[in-house]
There are 2 protein chains.
Amino acid sequence: MNPKLLRGSLDTIIIKLLNDNGEMYGYEISQKVKEITGDAIKITEGALYPSLHKLEGKGVLSVETRSIGNRYRKYYSITTRGKSELATMLDDMKTYMESMQLLINPKLA
Amino acid sequence: MNPKLLRGSLDTIIIKLLNDNGEMYGYEISQKVKEITGDAIKITEGALYPSLHKLEGKGVLSVETRSIGNRYRKYYSITTRGKSELATMLDDMKTYMESMQLLINPKLA
DNA sequence: AGTATTTACATAAGAATCTTAGGTATAGCA
DNA sequence: TGCTATACCTAAGATTCTTATGTAAATACT
């Protein structure tokens with residue numbers, strides 16, 4: 001898929017997945033997106049991790065680091081603040097998709 | 001509308017409009033987008049004109065400058081090359097939108 | 001046992017695509 | 001006369017990616 005089209009929607013995807021699935025760690029999010037979209041969307045790590053840090057910094061997500069054997073994972077959850085932001089983001093996405101349909105679909109009139 | 005969501009889809013919008021409506025000039029394109037989307041999407045001139053120049057440079061669009069009284073307008077048309085690129089762009093957009101539906105919609109299973 | 005792949009985190013340089021802010025000039029209207 | 005719309009344009013800066021790279025443990029393969 002054209003990666004340019006993804007620009008701007010990564011945050012929405014992350015927050016929506018965390019809202020629906022409860023806590024997840026970064027790698028798990030990237031796998032889930034591939035699974036759901038049938039490999040159509042692949043989130044690169046270079047985009048994912050900075051976004052998670054940014055969203056945490058904004059108070060949209062919270063983190064908890066857990067030890068798994070000799071390793072660690074950083075589990076992210078959506079905050080109350082994140083839930084209200086998600087509502088706006090989904091509205092924006094819906095508006096965008098409806099507009100694109102109008103622009104791109106063969107005339108329905 | 002969240003302008004971030006538009007990132008990456010401007011070229012597709014321009015080329016699709018030119019494909020459907022025949023030749024158009026820049027300002028006309030920006031008005032048409034506002035009209036079709038009910039002001040949901042507003043293309044800024046700072047984004048529009050550089051994109052038109054880029055697409056012309058790539059051979060996707062052709063231009064013809066015409067005098068209108070004491071002024072001029074630059075009319076853009078889609079080239080054969082542009083038509084084949086449009087097909088790919090629309091496919092990509094369709095895939096993107098379907099993927100976003102899967103990620104964002106309440107579970108349909 | 002040794003090697004490759006997957007899992008899991010991370011950052012940095014550079015590219016692409018916007019926004020914002022300016023500039024120029026004609027046309028139309030009050 | 002002055003304001004708004006039309007119509008083109010560019011440049012600086014912000015944002016958001018890709019690509020490349022690094023580290024290290026767990027797992028699978030041979």
Side-chain angles (χ1 to χ4, degrees), chain A residues 1-15 17 23-35 39 41-58 60-61 63-76 89 92-93 96 99-100, chain B residues 1-15 23-35 39 41-58 60-61 63-76 85 89 92-93 96 99-100:
Chain A
M1 118 110 58
N2 184 348
K4 280 199 285 272
L5 291 178
L6 205 56
R7 278 178 118 73
S9 39
L10 180 56
D11 291 356
T12 306
I13 292 171
I14 292 172
I15 296 171
L17 283 181
E23 60 180 18
M24 300 176 82
Y25 53 98
Y27 188 77
E28 186 183 11
I29 291 171
S30 71
Q31 297 304 307
K32 193 77 176 175
V33 170
K34 281 206 293 181
E35 177 197 325
D39 275 23
I41 294 183
K42 289 168 191 163
I43 297 180
T44 63
E45 300 186 315
L48 176 62
Y49 291 112
S51 275
L52 287 170
H53 302 161
K54 180 195 68 181
L55 294 171
E56 188 207 343
K58 285 172 58 182
V60 168
L61 302 181
V63 196
E64 197 193 320
T65 302
R66 298 211 198 115
S67 287
I68 310 289
N70 285 356
R71 319 173 53 169
Y72 70 101
R73 284 186 192 147
K74 293 177 73 173
Y75 284 87
Y76 290 88
M89 290 167 129
D92 286 346
M93 181 58 73
Y96 168 72
S99 292
M100 286 307 301
Chain B
M1 118 110 58
N2 184 348
K4 281 198 285 273
L5 290 178
L6 205 56
R7 279 178 117 77
S9 37
L10 179 57
D11 291 356
T12 305
I13 292 171
I14 292 171
I15 296 171
E23 61 180 16
M24 301 177 82
Y25 54 97
Y27 188 78
E28 187 182 11
I29 291 172
S30 72
Q31 297 304 307
K32 193 77 176 175
V33 169
K34 281 206 292 182
E35 177 198 324
D39 275 23
I41 293 183
K42 289 167 191 163
I43 296 181
T44 62
E45 298 187 317
L48 175 62
Y49 292 111
S51 276
L52 287 171
H53 303 161
K54 181 193 69 183
L55 293 171
E56 189 207 341
K58 285 170 60 181
V60 167
L61 303 181
V63 195
E64 195 192 320
T65 302
R66 297 210 197 116
S67 287
I68 310 290
N70 285 354
R71 318 174 53 168
Y72 70 101
R73 283 186 192 145
K74 293 177 73 175
Y75 284 87
Y76 290 88
E85 288 223 8
M89 289 169 131
D92 286 347
M93 180 57 72
Y96 168 73
S99 292
M100 286 308 301

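Below, read A as the first sequence line, B as the second, and so on, with proteins coming before strands; counting in each chain starts at 1.
With a 4.5 Å cut-off on side-chain heavy atoms, A/Asp92 and A/Thr12 do not count as touching.
Between A/Arg73 atom CZ and A/Glu64 atom CD the span is 13.0 Å, to the nearest 0.5 Å. The CG atom of B/Leu55 sits 4.5 Å away from atom CD1 of B/Ile15, with the distance rounded to the nearest 0.5 Å. For the atom pair CD1 of A/Ile13 and CD1 of A/Ile41, the computed distance is 4.5 Å after rounding to the nearest 0.5 Å. The distance from atom CD1 of A/Ile43 to atom CG of A/Leu48, rounded to the nearest 0.5 Å, is 6.0 Å. Atom CG in B/Leu6 sits 9.0 Å away from atom OG1 in B/Thr44 (nearest 0.5 Å). Interatomic distance, B/His53 NE2 to B/Tyr49 OH, rounded to the nearest 0.5 Å: 8.0 Å.
Note: NZ (A/Lys74) to C1' (D/dA25) measures 17 Å, nearest angstrom. Atom pair A/Tyr72:OH and C/dC9:C1' shows a separation of 4 Å (rounding to whole Å applied). With rounding to whole Å, B/Leu55 atom CG is found 10 Å from C/dC18 atom P. For the pair B/Leu5 CG and C/dT19 C1', the computed distance is 15 Å after rounding to whole Å. At whole-Å resolution of the value, CG in B/Leu6 and P in C/dT20 are 13 Å apart. For the pair B/Ile68 CD1 and C/dA27 P, the interatomic distance rounds to 11 Å; values are reported in whole Å. A/Asp11 has its CG atom 9 Å from the C1' atom of D/dT16, to the nearest Å. Distance, A/Asn70 CG to D/dT27 C1': 14 Å, rounded to whole Å.
Shown here for A/Tyr76 and A/Lys74, the closest heavy-atom pair between the two residues is CD1-O, 3.4 Å. When all heavy atoms of B/Ser51 and B/Asp11 are compared, the pair lying nearest together is OG-OD1, 3.4 Å.
Crowding of A/Lys54 atom NZ: a count of heavy atoms from other residues, nucleotides or ligands under 6.0 Å exceeding 12.
A/Arg66 has a carboxylate O that lies under 4.0 Å from a charged side-chain N of A/Glu23, or vice versa, which qualifies the two as a salt bridge.
Using a 3.5 Å distance cut-off with no hydrogens or angles, the side chains of A/Ser9 and A/Tyr96 do not pair a donor with an acceptor.
For B/Tyr76, taking side-chain heavy atoms from C-beta onward, the closest of the listed nucleotides D/dC17, D/dC9, C/dC18 is D/dC9.
Judged by atom type and distance alone, B/Arg7 reaches the base of D/dT15 through a side-chain donor-acceptor pair under 3.5 Å.
Residues B/Leu52 and A/Gly8 both approach DNA chain D. Their nearest nucleotides, taken by heavy-atom distance, put B/Leu52 toward the 5′ side.
Comparing the axis of the opening five pairs of the helix from C/dA1-D/dT30 to C/dA30-D/dT1 with that of the closing five pairs yields an angle of 30°, rounded to 10°.
Taking only side-chain nitrogens and oxygens, B/His53 comes nearer than 4.0 Å to OP1 or OP2 of D/dT10. Of the side-chain N and O atoms in A/Lys54, none sit less than 4.0 angstrom from OP1 or OP2 of D/dT15.
Contacts of residues 24-34 of chain B with DNA chain D (heavy atom under 4.0 Å): B/Tyr25, B/Gly26, B/Tyr27. Contacts with DNA chain C (heavy atom under 4.0 Å) in residues 42-49 of chain A: A/Glu45, A/Gly46, A/Tyr49, listed by number.
Across all strands, A/Arg73 comes closer than 4.0 Å only to sugar-phosphate atoms, never to a base (heavy-atom distances). Among the atoms of the strands shown, only primed sugar atoms or phosphate atoms (P, OP1, OP2) are found under 4.0 Å from some heavy atom of A/Ser9.
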